Amino acid sequence: MVSTLTMNERHIALVISSFVAVLGLVLAASGRHDLLEPHGFLILLAGLAGVFVILHGYFDPEPGPERLSSYFDEPIKVGIVLAMIWALIAMFVGDWVAWLLAYPDFRFDAAWSSFGRLRPIHTTGIIFGFGGNALIATSFHVMQRTSRARLPDQLTPWFVLAGYNLFCVLAVTGYLMGITQSKEYAEPEWYADFWLVIVWVAYFVLYLRTLARRREPHIYVSNWYYLAFILVVAMLHIVNNLALPISIGSAKSYTIFAGVQDAMVQWWYGHNAVAFFLTAGFLGMLYYYLPKRAGRPIYSYRMSIIGFWGITFFYVWVGSHHLHYTALPQWVQTLGMTFSVMLLVPSWIAAANALLTLNGAWHKVRDDATLRFMMVAAVFYGLATFEGSFLAIRPVNSLSHYTDWTIAHVHAGTLGWNSMIIFGAIYYLVPQLWKRERMYSPALVEVHFWLAVAGTFVYVFAMWNSGITQGLMWRTYNDSGMLAYSFVDSLVAMHPYYIARAFGGLLFFIGTAVGAYNIWKTMQPIPAAERTQADLPVLGELSRPILQAGE
Amino acid sequence: MFKSHYKLERYSIGLAIAIIVVASIGGIVEIAPLFTIHQTVEEAPGMRVYTPLELAGRNIYIREGCYACHSQMIRTLRDEVERYGPYSLAVESQYDHPMLWGSKRTGPDLARVGGKYSDQWQVTHLNNPRDVVPESVMPAYPFLKETELRIDDLPEHLATLRKLGVPYTDDMVANAVSDAYGQAVPDSPQAKGVKERYGEATDVRAFDGDPGMVTEMDALVAYLQILGRLTDAAHKQEAVTGGIK
């Protein structure tokens, strides 16, 4: 790690780490007797760890100038490993809380192990830990390859990766202790939010600097998506987290928004976190790795453009469909519904563009589980966006909202689309980055694929059933015009579905564990002679863009 | 159009600016008017603010993630109104930083649960839900009635909320600690001030059944018991509209 840094960068890294350590100490001191104190110490520890790591490798030889003629891939490798670690933790916790809904006492006799505190660990761990690290790692890879340029320096990528993971750790340890803003998918408190802004700015500047060095006149589609992801997430994060801490000695803050305005801001954030974190960024992944793996150019340049701008424009309007029939003014609900339906057009254009790219490569999809992961991801993307538009229609939403149908929908997206494309990308990347012929075991990739698909289906079908049953039971009237079922009746009816769901989640988790083992084995050292060649940022005969559109 | 895009995609800054502009429009159109149009939030002259004890309870509700399983937003649908009571009005959460409307009903809506059960029931239920509802999947919170409530920082809480527009008076901020104590210890000298500052109708009781110590259980139950009762605007509205919009 440190050996990739120049002497100068090592000095800057020392300064940054020391600064973080001091910051932690200040927070710990000002937050004495508050929940802020342990977090101050955690930040202090992170800073000291940074200092220690740098000093430990301080006298390692500096990287030579020959580094500049290769890509900078070390942070990508670490990012992939971190993504897999977060996946294991967050899926484990997710499945645990799933079992808790069937067997509520399947926990420790301690405050931290209750459903309400564990659930955000699952969501944050998956979205930000697993998804975020995968996005950062793949974006580092894609931005270099499509620009045919090396990252501009060695320190910033490490800073982004480490800083981002510090944010994630602060988030999940906070929930265990009871630190949360309660804003869905934006639970971390003010100091963690503040830190993320700093990391994010560094990330954005890094992206622009890499693009500025590119040896391709045109910026490839994937980068549009990654850019939209970085920029809009910054905007969402800052606005949604505007808050006033009760003092700098306390972890607690109050959001500046109240009531209905807060509801709108939260769902503007919430749904666009889906749009720009879980969709835009992941389409960036899809648009690079799928054509690469299939060995086919993207089907249509025009469809890429329409899809991209359609998604960027329409998505921002749709958050209010989370608030149908509530105290939110009706015109906002109607706008949200209308745009949600229109959103289907660019979404399906984006999905179709990916699937049509596979024309002429379907035999590869049959034989290659890695490509199949990506194909299934594109299919689930199409399905989930269709379902999303459907659920946003007011009368449909009157049935589905507040029920498990929403959970089914979200998991069709996160399991079927997000996880599948990440696994596809990782199985593409790992052999390449570690310079191996192929994964340690292609058979295990196949096993992982089928476990993931089976898990997703079991999960989604269970939640569809429970959600619709629930929704119908709540609104069923008996002959004398009274509500036919008590809430507890509906709860009892859920029990078998909750068991099935937890079982589906378990299958998916086991698949991930198999994947992690396979990746681990692939990473083990091999003799230099057996290593494959690294891909280099050469211009030469490749005057055509790396990924030319098909038309 | 595709030609000009072919040009745009050569400039990273141009692309970035275009993204920001295109992605801002929707948010601005939908969110900005909510702060100005006065129809967004109805009038409710008699509405009171949370007492320090209820506020502390609300923060426990947030801390424990109760909102992950419970909504506090009754929609304008017949079955919801019949099951849970008059549909929720925007004004009812006008002082809620943040709002807790929720998004999932693993458990029932709680917007109007205040007064539905006795304190005793709430305490038993929170201590172990399966003691009163055998089929329940709600977590047990036995530690709440063993844990002393932190009240020393409540003045800071109230002062912060006041900066954000919640109408706490100087008096309320200055007496936050004593009010929090007094509300849960009815025989104490501090109890009197609570009704003076927050109104005669304010519940002053040993919510957890034990006036000896002010616990987290006191605070949470005090909060649950006030849900839906800060104003009667929703009930008045129901009388006018017959319950459904």
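Remember, predicted model here, so these are calculated numbers, not experimental data. Side-chain atoms are counted along with the backbone in the values below, which use heavy atoms only and exclude waters and symmetry mates.
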I'd like to know if the side chain of A/Arg119 reaches the main chain of B/Gly65, judged simply by a donor and an acceptor atom lying under 3.5 Å from each other, with no hydrogens or angles considered. no
Can you tell me if NZ on B/Lys104 sees more than 12 non-hydrogen neighbours from other groups inside 6.0 Å? yes
Note: vs chain B, highest number of non-hydrogen pairs under 4.5 angstrom among A/Pro104, A/Gly249, A/Pro120 is A/Pro104
Closest non-hydrogen atoms of A/Met264 and B/Ile31, given as atom of the first, atom of the second and distance, are CG-CG1, 3.8 Å
CE of B/Met73 to OG1 of A/Thr326: how many Å apart, nearest 0.5 Å? 5.0 Å
Evaluate side-chain contact (heavy atoms from CB on, under 4.5 Å) for A/Tyr325 paired with B/Glu80, printing each intermediate quantity in order. CA-CA 11 Å; A/Tyr325 302 99; B/Glu80 298 219 349; over 6 Å; no
So for A/Asn397, is it side chain, backbone, both, or neither that comes closer than 4.5 Å to the heavy atoms of chain B? both
Between A/Gln261 and B/Leu34 (side chain of the first, backbone of the second, donor and acceptor by atom type, cut-off under 3.5 Å), is there such a pair? yes
Atom group of B/Ser24 that falls short of 4.5 Å from chain A, counting heavy atoms: both
Heavy-atom side-chain proximity of A/Ile219 to B/Ser12 below 4.5 angstrom: yes
Looking at B/Ile60, B/Asp109, B/Leu164, B/Val166, which one has more heavy-atom pairs under 4.5 Å with chain A than the rest? B/Leu164
How far apart are the C-alpha atoms of B/Leu77 and A/Trp474, what are their side-chain angles, what is the distance that settles it, and do they pass the side-chain contact (heavy atoms from CB on, under 4.5 Å) test? CA-CA 11 Å; B/Leu77 298 166; A/Trp474 292 345; over 6 Å; no
Rounded distance [0.5 Å steps], CD in B/Glu9 versus CD in A/Glu216: 11.0 Å
Please classify the contact of B/Pro129 with chain A as side chain, backbone, both or neither, using a heavy-atom distance under 4.5 Å. neither
Determine the minimum heavy-atom distance between B/Gln94 and A/Ala258, stating which atoms define it. O-CB, 3.3 Å
Measuring only between side-chain heavy atoms, which start at C-beta, is B/His5 closer than 4.5 Å to A/Trp309? yes
Within residues 151-159 of chain B, which residues come under 4.5 Å of chain A, heavy atom to heavy atom? B/Asp153, B/Glu156, B/His157
For A/His218 together with B/Tyr6, are the ring centres under 6.0 Å from each other? yes
Tell me, side chain or backbone of A/Tyr498 under 4.5 Å from chain B's heavy atoms, or both, or neither? side chain
One should read off an interatomic distance between A/Gln333 CD and B/Glu30 CD, to the nearest 0.5 angstrom, of 10.5 Å
Is there a side-chain contact (heavy atoms from CB on, under 4.5 Å) between B/Arg75 and A/His401? Walk through the geometry before answering. CA-CA 10 Å; B/Arg75 297 179 295 169; A/His401 192 54; 3.3 Å; yes
For the atom pair CE (B/Met138) and CG (A/Leu101), what is the distance rounded to the nearest 0.5 Å? 13.0 Å
Sort A/Phe204 into side chain, backbone, both or neither according to what part of it lies under 4.5 angstrom from a heavy atom of chain B. side chain
Residue selection (most heavy-atom pairs with chain B, distance under 4.5 Å) from A/Tyr254, A/Tyr103, A/Trp268, A/Phe313: A/Tyr254
Which answer fits B/Lys163, side chain, backbone, both or neither, if we ask what part of it has an atom under 4.5 Å from a heavy atom of chain A? side chain
Taking all atoms of both residues into account, what is the closest heavy-atom pair of B/Ser136 and A/Leu491, and its distance? CA-CD2, 4.0 Å
Could you check if a side-chain atom of B/Thr160 sits within less than 4.5 angstrom of a side-chain atom of A/Ser253, using non-hydrogen atoms only? no
Cut-off 4.5 Å, heavy atoms of chain B, and the answer for A/His324 is backbone
Exceeds 12 heavy-atom contacts within 6.0 angstrom, atom CG of A/Leu242: yes
Option in B/Asp96, B/Val133, B/Val91, B/Ile19 with maximal non-hydrogen atom pairs under 4.5 Å from chain A: B/Ile19
Would you mind telling me which of A/Asp404, A/Thr406, A/Val232, A/Val492 has the largest number of heavy-atom pairs within less than 4.5 Å of chain B? A/Asp404
For the atom pair CD1 (A/Ile407) and OG (B/Ser103), what is the distance rounded to the nearest 0.5 Å? 7.0 Å
Leading residue by heavy atom contact count with chain B [cutoff under 4.5 Å; candidates A/Ile256, A/Val265, A/Asn223, A/Leu211]: A/Ile256
Sub-4.5 Å side-chain heavy-atom contact between B/Val29 and A/Trp317: yes
Under 4.5 Å from any heavy atom of chain B - which part of A/Val488: side chain
Less than 4.5 Å apart, any side-chain heavy atom of A/Asp105 and any of B/Arg130? yes
Does A/His322 have its ring centroid less than 6.0 Å away from the ring centroid of B/Trp101? no
Side chain, backbone, both or neither: which part of A/Trp224 has a heavy atom under 4.5 Å from chain B? both
As an exercise: rank A/Trp112, A/Phe115, A/Phe257 by heavy-atom pairs under 4.5 Å with chain B and give me the winner. A/Phe257
Using a cut-off of 6.0 Å, state whether more than 12 heavy atoms not belonging to B/Phe2 lie near its atom CZ. yes
In terms of heavy-atom pairs under 4.5 Å with chain A, the winner among B/Cys69, B/Ser71, B/Ala23, B/Ala68 is B/Ala23
Residues B/Met99 and A/Trp267: closest non-hydrogen pair is CE-NE1, 4.3 Å
Looking at B/Leu100, B/Asn59, B/Leu8, which one has more heavy-atom pairs under 4.5 Å with chain A than the rest? B/Asn59
With a 3.5 Å distance limit and no angle check, can you tell me whether A/Asp262 reaches the backbone of B/Pro98 through a side-chain donor-acceptor pair? no
Please look at A/Leu323 and chain B and tell me whether the side chain, the backbone, both or neither of the residue comes under 4.5 angstrom of a heavy atom of that chain. side chain
A/Tyr207 versus chain B, heavy atoms under 4.5 Å apart: side chain, backbone, both or neither? neither
Interatomic distance, CZ@B/Arg78 vs OG@A/Ser398, rounded to 0.5 Å, equals 13.5 Å
Of all heavy-atom pairs linking B/Pro139 and A/Ser114, the shortest is CB-CB, 4.0 Å
Counting only heavy atoms closer than 4.5 Å, note whether A/Thr476 contacts chain B via side chain, backbone, both or neither. neither
Please state whether the side chain, the backbone, both or neither of B/Tyr61 comes within less than 4.5 Å of a heavy atom of chain A. neither
Shortest non-hydrogen contact between B/Leu89 and A/Ala327, atoms and distance: C-CB, 3.8 Å
Salt-bridge contact B/Arg150-A/Asp34 (side-chain N to carboxylate O under 4.0 Å): yes
In terms of heavy-atom pairs under 4.5 Å with chain A, the winner among B/Tyr95, B/Tyr67, B/Phe143 is B/Tyr67
Heavy-atom distance under 4.5 Å to chain A: side chain of B/Ile62, backbone, both or neither? both
Can you tell me if B/Glu82 and A/Tyr477 form a side-chain donor-acceptor pair at under 3.5 Å? yes
From the list A/Gly319, A/Ala275, A/Gly270, A/Gly259, the residue making the most non-hydrogen contacts under 4.5 Å with chain B is A/Gly259
